[in-house]
Amino acid sequence: MLRTHTCGQLRSEHIGQEVTLCGWVESKRDHGGSVFIDLRDRYGLTQVVVGPPEADSELIDTAGRVGTESVILVRGKVAPRLEGKINDKLDTGEVELRCEHYEVLNACPTPPFTPGQQELPGEDLRLKYRFLDLRRTAMLRSLELRSRIIKIMRDYFAEHDFIDVETPILGRSTPEGARDYLVPSRVHPNSFYALPQSPQLYKQILMVAGFDRYVQIAKCFRDEDLRADRQPEFTQLDMEMSFVDQDDVIGMIEGLVKRTAKELTGEELSLPLPRMTWDESMRRFGTDAPDLRFGMEIVDITSIAAEVEFRVFRGAADSGGFVRGIRLEGQATEFSRKRIDELTDYVKKDFGAKGLAWFRVEEDGSLWSPTSKNFSAEHLQQIGAALEAQPGDLLLFLADTWEVTCKGLAGLRKRLGAELKLYDERAMSYSWVTNFPMFERDEEEQRWVAMHHPFTAPLPEDLEKLASDPAACRAQAYDLVINGSEAGGGTIRIHDGKIQQQVFELLGIDEQTARDRFGFLLDALKYGAPPHGGIALGVDRWVMLFAGLDNIREVIAFPKTQKASDLMTEAPGEVDAKQLQELHLRTVKV
RNA sequence: GGCGCGGUAGCUCAAUUGGUUAGAGCCCCGGACUGUCGAUCCGGAGGUUGCGGGUUCGAGUCCCGUCCGCGUCGCCA
């Protein structure tokens, strides 16, 4: 080692020792007669003093000219800080290193930004110079946290007899689900591998193989548009268990959640975690991933709306739609017309709502709105009562299809919850959403599509609905929700070839197609498949949520931009004509 | 693909209704300084206002196109 200690290590007990430190020049204070250098490495910051009597004027001069972010080595004795000069902002603030020997290991030209600077540079710059950005303490902490979380996960599953198995990255494209990333085959002209969207099929095969408990920290790839919490390549903790039901899988994960919460936040969670069915979640929160850190639940007033004169409400109710609303406690006077117009714009543009109806609750408890003359006093009173309105509240309503009211109100609730700071940002909320529907209707293509994936088992009591009423058929599927974010999702799988066949039929996958695409799985299910199920946890999201961040890129060392490029390596890039030729590919001008 | 925000000095930002030579802080360069820790003081350098076109006597500012970054909807079994 070039060094004897790290920059975060020295304390008063080291006073008098001769030590060598290596690190980056975080900052420099040049007084002419002596120079103070803050030397930084991963472990901390130590003040180095280059001055008399240890250093001669030439050394002082040299040190005074060192550039920020240069890598240097300094040797000297640890000395106490002068009387009253202790820096309690630093762990090493009681001491300093009096430099006797100084070496520049690598000089740094003026960097585009420095890790220690006050204002955070633009994100594009941070991504281009990620090696500088990663020197920032905040990035270091995020990635340390990530490392800790992954270790907790690995330890936990190892203790519970899970086998860590690696599954292939080069696989076969499965047309269901997200868009695949494709890799052309050199050996097989016109054929392509697909990068895994998840190790789903492999882990089921491992269950058939009798592995009983499988786990993997798996990279997954989906060629879909990005979001603040979504990257095209991401990490899942993927697991699968045999001879289990939904409660077994949930119980296993709850143990992990409890341990993680305990180790990271010190919070002692009481299990089991709250559970809610999908139906209930949509009814109360309009989303399958409700943020339970605050209330502001959705209230349905369709039955009242059906009676009123106001056309927007009655029209929605008469045409099979819904009128649902939320209550903003004490916000009547806080929300100007302009602010309400902004919210109206938001629900129109983002969720296709036709408008946003609102009422102010007056001092006497009566409801007022620009449209209140279209309501009888009695109806207004009923609406107020339904939402438990108090004087000073603001009530917001959407009158639309079930779907639009769900999405719009869930959007409003999420946005307003954050804007009005209705919850403690450090608070964590964990819960399960269960009993998802098996199928969704794809109106464009006029067919059923699997809500989770085509291997999801229906609830035993809904088995006959597969044939009679697919829309009402519920699945043995469960999502873990943390702070309104989907932090994981899993299912019990179909282990019966006949039921699998039935699901494929319903999805419009005929026997031949099923055989072509999933023949190996159907074979495996035939040759002695145990009942099995599992879950995949979004590792990046876990880290993001436990770090209290709202952006997944902050917990990934080398993330991609919204257009899926890497600004540092400039991936993706063009390739040589020769490479294309070997792959039997030709590009087309766009 | 839609909607929205942004792009001005190396960095973070400002620039009135379209009007003088596009400013400030930080950084950088030179000088001063025996204790600073956001050092201080003096002086200085630094600009194709993302790119292309248009309107205008005059464009950082208005219009059209385009590229890039961010947010969001669609999308994400």
Side-chain angles (χ1 to χ4, degrees), chain A residues 26-39 45-53 60 64-65 67-69 79 81-90 92-93 96 98 109-114 116-129 132 174-180 197-198 200-201 220-232 234 342 345-353 404 407-408 411 414-415 436 438-440 442 444 448-456 475 477 486 489 491 503 507 509 536 538 550-551 553 560-563 565 567:
Chain A
E26 166 110 349
S27 70
K28 161 190 82 180
R29 294 170 293 280
D30 184 354
H31 286 245
S34 51
V35 179
F36 300 86
I37 294 172
D38 286 340
L39 194 64
L45 211 64
T46 300
Q47 172 163 281
V48 175
V49 187
V50 188
I60 295 167
R65 277 184 281 108
T68 310
E69 293 306 306
R81 295 261 181 130
L82 297 183
E83 188 76 22
K85 301 290 184 188
I86 285 171
N87 185 344
D88 30 68
K89 285 186 214 152
L90 291 182
T92 61
E96 60 195 13
R98 303 219 46 111
T110 305
F113 64 92
T114 58
Q117 77 186 41
Q118 294 277 314
E119 310 104 331
L120 201 59
E123 193 168 0
D124 42 354
L125 203 70
R126 292 176 52 207
L127 290 173
K128 180 172 181 188
Y129 297 96
L132 296 178
T174 53
E176 296 271 327
R179 196 177 291 114
D180 283 320
Q197 295 176 26
S198 81
Q200 181 61 38
L201 297 175
C220 303
F221 307 85
R222 292 178 191 174
D223 187 4
E224 297 292 347
D225 286 345
L226 285 76
R227 288 287 185 284
D229 62 352
R230 237 161 63 190
Q231 283 273 302
F234 59 101
E342 279 170 16
D345 246 32
Y346 168 62
V347 291
K348 278 184 174 172
K349 282 183 178 157
D350 276 12
F351 306 105
V404 169
K407 289 184 174 174
K414 184 176 179 182
R415 173 175 167 160
F436 280 66
M438 280 285 285
F439 309 103
E440 277 176 304
D442 185 331
E444 240 170 73
W448 295 105
V449 292
M451 193 152 181
H452 204 78
H453 57 58
F455 319 108
T456 303
E486 181 192 334
T491 64
V503 170
L507 295 174
I509 304 172
D550 53 13
N551 186 320
R553 295 183 299 277
K560 296 195 168 44
T561 66
Q562 203 167 73
K563 297 201 73 184
S565 43
L567 298 181

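Chain letters run A, B, ... following the sequence lines, proteins first and then strands; every chain starts at 1. Just so we're clear, the structure is a prediction, and the values are computed from it rather than from any experiment.
Remark: A:D550 CG is loosely packed, at most 12 non-hydrogen atoms of other residues, nucleotides or ligands lying under 6.0 Å away. For NZ of A:K414, the number of neighbouring non-hydrogen atoms (other residues, nucleotides, ligands) closer than 6.0 Å is 12 at most.
At a threshold of 4.0 angstrom between heavy atoms, the contacts of A:Q200 include nucleobase atoms, whether or not backbone atoms are also involved. Looking at heavy-atom distances under 4.0 Å, A:R81 makes contact with a base. Base engagement by A:Q47 is indicated by at least one non-hydrogen atom pair under 4.0 Å involving a base atom. Across all strands shown, A:Q562 has heavy atoms under 4.0 Å from base atoms, whether or not it also approaches the sugar-phosphate. Using a 4.0 Å heavy-atom criterion, one finds that A:R126 contacts no nucleic acid atom at all. Residue-level contact check: A:S565 touches the backbone only, with heavy atoms under 4.0 Å from sugar-phosphate atoms and none from bases. Within the nucleic acid shown, A:F113 has no heavy atom closer than 4.0 Å to any nucleic acid atom. Heavy atoms of A:K85 sit under 4.0 angstrom from at least one base atom. Using a 4.0 Å heavy-atom cutoff across all strands shown, A:D223 reaches no nucleic acid atom at all. When heavy atoms are screened at a 4.0 angstrom cut-off, A:L226 is found touching no nucleic acid atom at all. In this structure, A:L125 reaches the sugar-phosphate backbone alone: every heavy-atom distance under 4.0 Å involves primed, P, OP1 or OP2 atoms, never a base. If you check every strand for non-hydrogen atoms under 4.0 Å, A:T114 touches nothing.
In this entry B:C62 has B:G54 as its Watson-Crick or G-U wobble partner, both defining distances falling under 3.5 Å. Nucleotide B:G4 has B:C70 as its partner under the Watson-Crick or G-U criteria, with both atom distances under 3.5 Å. Across the strands present, B:G10 finds its partner in B:C26; the criterion is a Watson-Crick or G-U wobble pair with both atom distances under 3.5 angstrom.
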(message) For A:D38 and A:R29: C-alpha separation, side-chain torsions, deciding distance, then whether salt bridge (Lys or Arg N to Asp or Glu O under 4.0 Å) applies.
(response) CA-CA 9 Å; A:D38 286 340; A:R29 294 170 293 280; 3.0 Å; yes
(request) In sequence, state the C-alpha distance, the side-chain angles, and the governing distance for A:K85 and A:E83, and then conclude on salt bridge (Lys or Arg N to Asp or Glu O under 4.0 Å). (result) CA-CA 6 Å; A:K85 301 290 184 188; A:E83 188 76 22; over 6 Å; no
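Not a single donor-acceptor contact under 3.5 angstrom links the side-chain atoms of A:D38 to the base of B:C37. Evaluation of atom-type donor-acceptor distances gives a pair under 3.5 Å for the side chain of A:R98 against the base of B:G35. Put simply, the side chain of A:E96 and the base of B:G35 share a donor and an acceptor less than 3.5 Å apart. Side chain A:R230 to base B:C75: a donor-acceptor pair is found below 3.5 Å.
Proximity of a side-chain donor or acceptor of A:R179 to a complementary backbone N or O of A:D223 within less than 3.5 Å is detected. Formation of a donor-acceptor pair under 3.5 Å by the A:H31 side chain with backbone atoms of A:G33 is not found in this model. At distances below 3.5 Å, not a single donor-acceptor pair connects side-chain atoms of A:Q231 with backbone N or O atoms of A:R553.
One can place CG of A:D229 at 16 Å from P of B:C75, the figure rounded to the nearest angstrom. Rounded to a whole Å, the CG atom of A:D124 is 12 Å from the P atom of B:G71. Note: CZ (A:R415) to P (B:G4) measures 14 Å, nearest angstrom. Per the geometry, CZ belonging to A:F36 stands 12 Å off C1' belonging to B:C33, to the nearest Å. Separating the CD atom of A:E119 from the C1' atom of B:G10 is a distance of 13 Å, rounded to the nearest angstrom. Here B:C75 presents its P atom at 21 Å from NZ of A:K563, a figure rounded to the nearest Å. Atom NZ of A:K560 and atom P of B:C70 are 13 Å apart (whole Å). Separating the CZ atom of A:R227 from the P atom of B:C70 is a distance of 12 Å, rounded to the nearest angstrom.
For A:S34 and B:G35, the shortest distance from a side-chain N or O to OP1 or OP2 is not below 4.0 Å. A:K128 has no side-chain polar atom (N or O) that falls below the 4.0 Å cut-off from OP1 or OP2 of B:G69. Remark: A:N87 is not in phosphate contact with B:G35, judged by side-chain N or O atoms under 4.0 Å from OP1 or OP2. Taking only side-chain nitrogens and oxygens, A:R29 never comes nearer than 4.0 Å to OP1 or OP2 of B:U36.
Comparing B:G74, B:C76, B:G69 by their nearest atom to the side chain of A:L567 picks out B:G69. With B:U72, B:C28, B:G69 as the choices, the nucleotide that has an atom nearest any side-chain atom of A:T68 turns out to be B:C28. With B:G10, B:A39, B:G74 as the candidates, the nucleotide lying closest to the side chain of A:D225 is B:G74. The listed nucleotides are B:C73, B:G35, B:C70; the one nearest the side chain of A:D350 is B:C73. If you check B:C75, B:G4, B:C70 against the side chain of A:K349, the one that comes closest is B:G4.
On the P atoms, B:C28 is 16 Å away from B:G38, given to the nearest whole Å. A gap of 9 Å separates the C1' atoms of B:U40 and B:C33, to the nearest Å. A distance of about 16 Å separates the C1' atoms of B:U49 and B:C68, rounded to the whole Å. Comparing the same atom, P, in B:A59 and in B:G19 gives a spacing of 11 Å after rounding to whole Å. Comparing the P positions of B:A45 and B:G23 gives a spacing of 13 Å, expressed to the nearest Å. Only the P atoms considered, B:U12 is 26 Å distant from B:U17, to the nearest whole Å.
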Check the interface with nucleotides 29-31 of chain B: list each N/O to N/O pair with the protein under 3.5 Å, or write none.
none

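Between A:D180 and A:Q197 there is a side-chain heavy-atom pair separated by less than 4.5 Å. Side-chain contact between A:K128 and A:P112 is absent, with no heavy-atom pair separated by less than 4.5 Å.
Less than 6.0 angstrom separates the ring centroid of A:Y346 from the ring centroid of A:F351.
In this structure, OG1 on A:T456 lies 11.0 Å from CE on A:M451, to the nearest 0.5 angstrom.
Judged by ring centres under 5.5 Å apart and planes tilted less than 30 degrees, A:H31 stacks against the six-membered base ring of B:A39.
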